[in-house]
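Here is the structure we will look at, set down as structure tokens.
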Amino acid sequence: MAEIYRDELRARFGLDLELGLDPGDEVPDNPWLHRVLLRRTQRRYADRPVPESLVRLLLAAAFSASSKSDFQQASVVWLKDRSRRDRLAALFPDMPWIGAAPVFLVFLGDARRLEKLGGMRGHPQPNGALEGFFNATIDAALALQTCTLAAETLGLGCCPISVLRNDIAAVAETLELPDKVFPVAGLCLGYPAQAGFISMRLPLEATVHIDRYDESGLAAAVDGYDRRRDARHSIHDRQRAPERFGTAEFYGWSEDKARQAMTPEGVGFAAWLRDHGFTFEDPGTPAGN
Ligand SMILES: Cc1cc2nc3c(=O)[nH]c(=O)nc-3n(C[C@H](O)[C@H](O)[C@H](O)COP(=O)(O)O)c2cc1C
């Protein structure tokens, strides 16, 4: 047991995690790591402005994230204009924090810029294959999370917003996105108005595989996790769509997520991407094959 992080690991996983770190091992006692283990999403923000210089610093941190092949295929729209922000927020009334957060950024996968570079340097090359889409997505996701961790380190709270992709055409129009540029997620930023709570995670035995993929212990691991989560914070009385799924005697995380996944998200996203420059075909494969 890693004594140094015992409280944080218990908070994150709901059990005394066996990390194979004996007290005798050289486990660094790092203040930042304590904070990462306790990190949480924040959706309510204090009425305290975030200085623009601080946002720029966080963006500099975001774009310090690693980047596949140094292609640098992430971009951000910083939504400063109130009316444009309001138009975007009005698309998602269920998530008022999109309009209310002091700062709102949109992290974009940008497969376009690399194509532009090809044109500028006389080596034109389409970047609409799955590889181009995937690499741009990863770059944007890494920038998003690096921004988040930097902000949380400075005491700010964040909430990523992927719901943007549920109304992709309206979002793209609002942000004036050209072909091959697409939102990966928005990011609400501000000083938190409340402490928030730690979202317990699956045990490492369900997510970490040694030497080979092995899901033989999955059902037991999920059952145990459901029970631990329920003991800390029951959602029994907040069952999703009981008229459709019935009322479960025990309602845990896995039942909730299985029900949630029955309502598809991002409908129309693939078609929109195809209409905006992505073929998803391997390089050299004619479109449509
Ligand atoms: C890519 C991504 C997209 C997300 N999209 C939304 C969203 O649209 N709205 C929202 O309220 N939270 C969103 N979240 C926040 C998750 O719900 C949250 O991370 C999850 O419940 C775990 O909580 P935690 O971050 O506090 O551990 C998103 C998180 C990620 C990583």
Side-chain angles (χ1 to χ4, degrees), residues 8-14 17 33-45 62 65 74 76-77 79 85 88-109 133-134 136-153 155-168 170-172 174-175 182-190 192-204 206-207 225-226 228-230 232-233 235 238 240 252-261 263-269:
E8 287 84 353
L9 294 172
R10 206 178 266 160
R12 176 61 69 202
F13 297 98
L17 203 64
L33 210 46
H34 283 268
R35 294 194 65 160
V36 171
L37 289 167
L38 293 175
R39 65 152 303 279
R40 66 209 66 180
T41 288
Q42 296 283 0
R43 297 184 178 85
R44 296 220 171 91
Y45 307 97
V76 165
V77 171
L79 261 174
R85 169 90 167 272
L88 190 86
L91 299 169
F92 309 101
D94 290 351
M95 296 191 186
W97 40 95
I98 296 175
V103 177
F104 192 71
L105 307 171
V106 183
F107 283 78
L108 305 166
F133 172 74
F134 201 59
T137 304
I138 293 170
D139 275 10
L142 293 176
L144 170 81
Q145 185 63 6
T146 303
C147 187
T148 300
L149 288 176
E152 290 172 351
T153 298
L156 287 109
C158 304
C159 182
I161 299 291
S162 62
V163 78
L164 298 185
R165 284 183 266 122
N166 289 357
D167 199 349
I168 182 65
V171 168
T174 307
L175 303 179
F182 57 95
V184 169
L187 189 68
C188 300
L189 261 176
Q194 54 194 29
F197 66 91
I198 293 176
S199 176
M200 199 187 284
R201 290 292 195 269
L202 286 163
L204 296 191
T207 51
Y225 172 67
D226 277 344
R228 285 192 297 281
R229 244 180 112 124
D230 178 72
R232 185 180 294 171
H233 178 67
I235 52 171
R238 293 196 286 129
R240 207 180 281 266
W253 170 85
S254 60
E255 174 67 23
D256 186 56
K257 292 299 141 189
R259 289 186 185 193
Q260 182 177 354
T263 304
E265 283 201 271
V267 175
F269 187 47

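Since the structure is predicted, the reported quantities are computational estimates derived from the model, not experimental observations. Heavy atoms only: backbone and side chains are in, while hydrogens, waters and symmetry mates are out. Counting starts at 1 for both ligands and their atoms, in listed order.
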Hey, would you say the W253 and Y225 ring centroids sit under 6.0 Å apart?
yes
Does R165 make a cation-pi contact with F269 (under 6.0 Å, within 45 degrees of the axis)?
yes
Examine the proximity of ligand 1 to S162 and report which part, side chain or backbone, both or neither, has a heavy atom under 4.0 Å away.
both
Region of C159 that comes within reach of ligand 1 [heavy atoms, distance under 4.0 Å]
side chain
Nearest protein heavy-atom contact for [atom]: which residue, which atom, what distance?
| atom | value |
| --- | --- |
| atom 9 (N) of ligand 1 | M95 SD, 3.2 Å |
| atom 28 (C) of ligand 1 | P160 O, 3.6 Å |
| atom 23 (O) of ligand 1 | S199 CB, 3.7 Å |
| atom 18 (C) of ligand 1 | T41 OG1, 3.7 Å |

Should Q145 be listed as contacting ligand 1, given a heavy-atom distance under 4.0 Å as the test?
no
Does Q42 have a non-hydrogen atom less than 4.0 Å from ligand 1?
no
For atom 7 (C) of ligand 1, is the nearest protein heavy atom closer than 4.0 Å?
yes
May I ask which of M200, E265, R43 has a heavy atom nearer to atom 16 (C) of ligand 1 than the others do?
R43
Looking only at atom types and distance, does a side-chain atom of R229 sit under 3.5 Å from a main-chain N or O of M200, one as donor and one as acceptor?
yes
Quick check: does R40 get an N/O under 3.5 Å from an N/O on ligand 1?
no
